[in-house]
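Predicted model, so just to flag it, every value in this text is computed and none were measured.
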Amino acid sequence: DVDGIDFNQAKTPATNWMDDKNSEERVRKTKIVCTIGPSSWDRDSLYALADAGMNVARLNMSHGDHAQHLKVIKLLKELNATKTSESKIGILLDTKGPEVRSGDISAPVELLPGMPFTFTIDRSSPIKDANVTTVNYDGFIDDVNVGDILLVDGGMMSLRIDSKTDKSVACEVLEGGIMKSRRHLNIRGSTANLPSITEKDWEDLQFGVDNDVDFFALSFVHNADVIRQVKEFLKKNDARIAVLPKIESVNAVDNLEEILEISDGAMVARGDLGSELPVEEVPAIQSEIIYRCNQQGKPVIVATHMMESMIEHPCPTRAEIADITMAVREGTDAVMLSGETANGKYPTKAVEVMARTAARVPWELAPGPETQLNIPSRKLMRSKMSTQSLTGASNDAEKYQQVLSISETFAYNATCMANYQDVPLLVFSRSGFMPALLSHYRPKSLIYAFTNSEAVERRLTLYRGVVPLAMDLKGDREASISHALQVLKEKGEVKEGSYVCVVSSGHNAIWRDAATHGISFRLVE
């Protein structure tokens, strides 16, 4: 249905984005994840973050207890119940995961280059030597070798292992600093043989299920087995929560393909990733993870040190702004703030700056994934996995694959038509399937996804370019389209006299018994 549209007069993308006079009006399609902590966990601060541009709130289970996190969840649900802007706020629970840490010391010790320092697994008696501390992991001795470089707090200090016994590891300080209690320890180029999910993690995951969070970010995932364990746990609890592994170890990078195949997305956790691997390799690994997630239609988050300076200062460095810009250009679905919003001095301003920066990146510099619609043998796993946490698995795999093939072709062509006309997309969905699929093809304009499910509305908050909105879908198709256009007009999202590309998905069809697809252009009146 293209009546009234003259494709010969269609708008074409600006050939030079720097000449685009409407650059200041660009909309932000990249989502923002904010870590909630002492600087932001009260009601006023949470509401301020939401107004500044927060799309997903991250609960870091490495800090705080369940009682404190429950207070935050209740405030977020209160916010969602009263929020009148574009969409709800999703909730992401980030597990602590296994960690190798040093023990308690009576007072901070200054380590100078060339000094000896020893780590021991013998915790039977108090340590009296200032140059010795314990380690919380008994397998530490077996995991390290003479000549390995031991990093403290992600590389803030480094030591070379010179010798080891059954109980201790003797080191020489290479790059010094102040040694304090319970410091995070890594071996460069190696991963500790710890279980990926600890007893505390299982308790935290159950807490997340009980309180209806939307996403799990799993720390220190080594292979696909842990994803399978968590998904089996969710199945037993009848919970549809997206599982996003944090790629932050050598093993995770080595097993990236199998991990992404079974996951619902991923997080590029650059802090620990830069501890276990040379820091100069992190940008290339980030690009690879983003690319693979984009190709498979799975949301990806770039995290850690994005605006670290704003923990203490009101203005970010130019390099941090460039870092955000590059992540957006590479195609990330979301960028994340950690200490900036958890315990920083300027949490709201950090979100505002990140939102403006992400919005300023031209869509022309963030192309969609490669398409291979003309290759019959191509894999269709991307769509199946990207939407499975929203729709649930299909009992008929062959029929599901056929639906995917048709739906992918349909979503791709809908995106091309909307891009050609430079108009936003409008889609109605009970499951989130088609909005997620449209997001995969990275349309130029926004995707307005109306749904009658609050859970789907929250889980779409992580998909790039998707603006989820609530609507009762009991009315007929024409009435629903008219109402949706009126809502968008009242919100200032569309203007009278403009066009919108309406996508009617045949997958899990709302208004027809048969699985039919349709694309129409509607005039906003």
Side-chain angles (χ1 to χ4, degrees), residues 62 96-194 219-220 248-254 269-285 304-305 308-309 311-313 317 319-320 323 338-339 343:
S62 295
K96 180 180 180 181
E99 292 182 313
V100 180
R101 288 188 177 272
S102 62
D104 292 321
I105 56 177
S106 57
V109 178
E110 183 178 9
L111 300 184
L112 299 175
M115 285 180 56
F117 197 83
T118 299
F119 295 89
T120 178
I121 61 172
D122 185 0
R123 299 180 292 275
S124 59
S125 58
I127 302 296
K128 298 181 180 180
D129 189 339
N131 290 329
V132 179
T133 189
T134 58
V135 178
N136 68 340
Y137 169 46
D138 290 338
F140 179 71
I141 304 297
D142 296 327
D143 284 353
V144 302
N145 297 296
V146 173
D148 283 348
I149 302 300
L150 179 64
L151 303 176
V152 180
D153 282 348
M156 301 306 292
M157 292 179 279
S158 64
L159 305 89
R160 183 184 63 243
I161 297 175
D162 289 339
S163 63
K164 68 176 186 176
T165 67
D166 292 342
K167 295 288 185 180
S168 63
V169 170
C171 305
E172 178 184 338
V173 178
L174 300 179
E175 295 173 319
I178 305 299
M179 187 69 178
K180 300 179 181 179
S181 297
R182 302 182 185 183
R183 299 297 89 189
H184 192 194
L185 306 177
N186 290 91
I187 297 296
R188 179 173 290 164
S190 179
T191 301
N193 293 316
L194 289 164
S219 297
F220 299 104
E248 55 187 336
S249 69
V250 173
N251 289 346
V253 173
D254 290 341
R270 303 182 300 182
D272 285 292
L273 191 59
S275 299
E276 294 204 1
L277 292 165
V279 291
E280 62 270 18
E281 293 185 15
V282 173
I285 294 171
T304 321
H305 300 152
E308 188 87 352
S309 66
I311 293 177
E312 295 290 339
H313 305 288
T317 67
E320 288 169 338
D323 184 31
S338 300
N343 50 46

Flag the pair [X] / [Y] as yes when at least one side-chain heavy-atom distance between them is below 4.5 Å, and no otherwise.
X    : Y    : answer
Y137 : L185 : no
D323 : R270 : yes
V135 : V100 : yes
D166 : I141 : no
K96  : S219 : no
D272 : H184 : yes
M157 : V173 : no

[X] [atom1] to [Y] [atom2] distance, which is reported to the nearest 0.5 Å:
X    : Y    : atom1 : atom2 : result
S158 : L151 : OG    : CG    : 6.5 Å
L111 : N131 : CG    : CG    : 7.5 Å
L159 : E172 : CG    : CD    : 9.0 Å
D142 : K164 : CG    : NZ    : 6.5 Å
H305 : S338 : NE2   : OG    : 8.0 Å
R183 : D153 : CZ    : CG    : 4.5 Å

**Study point:** Partner residues of I161 under the side-chain contact (heavy atoms from CB on, under 4.5 Å) criterion, sequence neighbours left out
**Key:** V144, D148, V169, C171, I187
Point to revise | Listed partners of I285 passing side-chain contact (heavy atoms from CB on, under 4.5 Å), at least two apart | key: V253, L273, L277, E281, I289
Ignoring hydrogens and geometry, is there a side-chain-to-backbone donor-acceptor pair from [X] to [Y] under 3.5 Å?
X    : Y    : result
T304 : A269 : no
N136 : R101 : yes
T118 : A170 : no

In terms of heavy-atom contacts, does [atom1] of [X] have more than 12 from other residues, nucleotides or ligands at under 6.0 Å?
X    : atom1 : result
D129 : CG    : yes
M156 : CE    : no
R182 : CZ    : no

For the student: nearest non-hydrogen atoms of [X] and [Y], plus distance:
X    : Y    : answer
R160 : G147 : CG-O, 4.2 Å
F220 : E99  : CE1-CG, 4.1 Å
S275 : G155 : OG-N, 4.4 Å

Check your understanding: Which residue pairs pass the ring pair (Phe, Tyr, Trp, His ring centres under 6.0 Å) test with at least one member in residues 103-135, sequence neighbours excluded?
Key -> F117-F119
Check your understanding: Would D138 and R123 pass as an ion pair if we require N to O under 4.0 Å?
Key -> yes
Exercise for review: For the pair T133 and I127, evaluate side chain to side chain contact (heavy atoms under 4.5 Å, CB included) and give the outcome as yes or no after the intermediate values.
Suggested key: CA-CA 7 Å; T133 189; I127 302 296; 6.0 Å; no
